[in-house]
Protein chains: 2
Amino acid sequence: MVPLSSYKDKKVITIGVTSELTGLSERQIRYYEERKLIFPERTKGGTRKYSFRDVERLVEIANKIEDGMQTFEIRREEIKKANIREKMLRGQLNAAFKMRK
Amino acid sequence: MVPLSSYKDKKVITIGVTSELTGLSERQIRYYEERKLIFPERTKGGTRKYSFRDVERLVEIANKIEDGMQTFEIRREEIKKANIREKMLRGQLNAAFKMRK
DNA sequence: CGTGTAAGGAATTCTGACACG
DNA sequence: CGTGTAAGGAATTCTGACACG
């Protein structure tokens, strides 16, 4: 009954619908992918598929760009956050398993 | 932050992806719509869009058909359930507002 | 840099019908 | 009854490029 990955993360939405949901043009959405801010999946035929989480992320990206932030800055910010999360996780794992050093 | 209608109910999935998610053929999915068991939305262009809830419902329908149930029986069953729900709701409203006859 | 657009092609979807049963 | 399929057309999406700036 409970889906393996939440509906929110399942990549099932076409770029057309994603465009409607976000208010962004398809051009913008594809460009943000080019700048490595978003990572849709593809059908066998090559059509892009987005998740609801992607839709949310796109809206956030759009807001930051409106605020004058550039794509590379947004990307850098994301990488930094991911690194912090990774370090914290590593620390917790080390503590839990007493494997430090 | 909280979406008006849950992700589960938003109709955003194409018939191709729905077919993959359910394991049903597009023909089957369209037929169940013809028999009024499922109600996708449409894009301006006429392309069908399904929700995750629709996907779940489709799997249930498929199971019942596998068990030998016919589409009209499944539909009758759904209508009966809806009627029961409607009666219970009406009763609660009447009790709450003291408007019973 | 971020985005619009025209271009040509390919993938996707649509409907109505015939087929089997 | 439920489903497969071929048919022709329309809607959707894709990529690479030119444009503006």
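Values in this document were obtained by computation on a predicted structure and should not be read as measured data. Each chain gets a letter, A, B and so on, in the order the sequences are listed, and its residues count up from 1.
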Practice task
Compare the minimum distances between each of C:dT3, D:dG4, D:dT3 and the side chain of A:Ile65, then state the nucleotide with the smallest one.
Solution key: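 Shortest atom-to-atom distance from the side chain points to C:dT3.
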Completion exercise
Ranking D:dT5, C:dT3, D:dG2 by distance to the side chain of B:Arg27, first place goes to D:dT5
Fill in the blank from the handout: On a heavy-atom basis, the closest approach of A:Leu24 and A:Ser19 is O-OG, 2.6 Å
Problem - Complementary nucleotide for D:dT15 - Watson-Crick or wobble, under 3.5 Å - result: C:dA7
Handout entry: Pairing partner of C:dG2 (Watson-Crick or G-U wobble, both distances under 3.5 Å)
Key = D:dC20
OP1 or OP2 of [N] under 4.0 Å from side-chain N/O of [X]:
| X | N | value |
| --- | --- | --- |
| A:Thr14 | C:dT12 | no |
| A:Arg42 | D:dT15 | yes |
| B:Arg30 | C:dC14 | yes |
| A:Tyr31 | C:dT3 | no |
| B:Arg35 | D:dG2 | yes |
| B:Tyr32 | D:dT3 | yes |

Problem - Residue of the set B:Lys10, B:Lys11, B:Lys49 for which salt bridge (Lys or Arg N to Asp or Glu O under 4.0 Å) holds with B:Asp54 - result: B:Lys11
How long is the line joining [atom1] of [X] and [atom2] of [N], in whole Å?
| X | N | atom1 | atom2 | result |
| --- | --- | --- | --- | --- |
| B:Glu33 | C:dT15 | CD | P | 8 Å |
| A:Asn63 | C:dG2 | CG | P | 15 Å |
| A:Ile29 | C:dT5 | CD1 | P | 15 Å |
| A:Met69 | C:dG2 | CE | C1' | 15 Å |
| B:Ile61 | D:dT3 | CD1 | P | 11 Å |
| B:Lys49 | C:dC14 | NZ | C1' | 16 Å |

Practice task
Map B:Glu34 and B:Thr47 onto DNA chain D by nearest heavy atom, then report which one ends up closer to the 5' terminus.
Solution key: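 Result of the comparison: B:Glu34.
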Handout entry: Which residue lies more 5' along DNA chain D, comparing B:Thr43 with B:Glu26 via nearest heavy atoms
Key = B:Glu26
Problem - Side chain A:Arg48 and base D:dT13 donor-acceptor under 3.5 Å - result: no
Problem - Short side-chain to backbone donor-acceptor contact, A:Gln28 and A:Ser25, under 3.5 Å - result: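 Yes.
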Exercise for the section: Report yes if the distance between the aromatic ring centroids of A:Phe52 and B:Tyr7 is under 6.0 Å, otherwise no. Expected result: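 Distance test on ring centres: under 6.0 Å, yes.
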Problem - Contact check, side chains of A:Glu78 and A:Lys36, non-hydrogen atoms, under 4.5 Å - result: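 Answer no - side chains too far apart.
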Exercise for the section: Assign each of A:Phe72 and B:Ile15 to its nearest nucleotide of DNA chain C by heavy atoms, then name whichever residue's nucleotide is nearer the 5' end. Expected result: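 Closer to the 5' end of DNA chain C: A:Phe72.
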